[in-house]
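Residue numbers count from 1 along this sequence. As a basis for the values below, the full set of heavy atoms in this structure was taken, side chains included, without hydrogen atoms, waters or symmetry mates.
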Amino acid sequence: MSGQGSGGNVLAAICSFFIAGLGQLVQGRILAAILFFLLTWVNYTLAATGILFFMAAVGFIFHVWSVIDAARYKGS
């Protein structure tokens, strides 16, 4: 990847928009991808129970964080 703002980061951010963690996976960051996926979807699943509906907001925060993280990744 060329760095922040590169086409690879834009593609990764778009991937993370649809599935949290997918952008990190595209960038080759396996651990970050697993963490973002689990944090986001566990909260969405808890919200789907109806009892813990407020967890949707927490899941949304992790989802947006995943997109921003994929877009701002600088690489090594």
Visitor: Working to the nearest 0.5 Å, report the span between CD1 of Ile61 and OG1 of Thr40.
Guide: 10.5 Å

Visitor: Quick one: side chain to side chain contact (heavy atoms under 4.5 Å, CB included) partners of Leu52, sequence neighbours excluded?
Guide: Leu46, Thr49, Phe54, Met55

Visitor: Taking Gln24 for its side chain and Ser66 for its backbone only, find out whether a donor-acceptor pair lies under 3.5 Å.
Guide: yes

Visitor: Starting from Leu39, can I reach Phe37 by hopping between I/L/V/M/F/W/Y residues whose side chains sit under 4.5 Å apart?
Guide: no

Visitor: May I ask you to decide if Val67's main-chain N or O and Ser16's side chain share a donor-acceptor pair within less than 3.5 Å?
Guide: no

Visitor: For the residue pair Phe36 and Trp65, categorise the inter-ring angle as parallel (less than 30°), tilted (30 to 60°) or perpendicular (more than 60°).
Guide: perpendicular

Visitor: Determine the sole option in Lys74, Gln27, Arg72 for which the side-chain contact (heavy atoms from CB on, under 4.5 Å) test with Asn9 is passed.
Guide: Gln27

Visitor: List, by chain and number, the other hydrophobic cluster members for Leu35, where Ile, Leu, Val, Met, Phe, Trp and Tyr join if side-chain heavy atoms come within less than 4.5 Å, directly or indirectly.
Guide: Leu31

Visitor: Output the distance between atom CH2 (Trp41) and atom CZ (Phe62), rounded to the nearest 0.5 Å.
Guide: 14.0 Å

Visitor: Under 3.5 Å, side chain of Asn43 to main-chain N/O of Phe60, donor-acceptor pair present?
Guide: no

Visitor: Under 6.0 Å from the CZ atom of Phe17, do we count more than 12 heavy atoms belonging to anything else shown?
Guide: no

Visitor: I need the His63 NE2 to Phe18 CZ distance, nearest 0.5 Å.
Guide: 9.0 Å

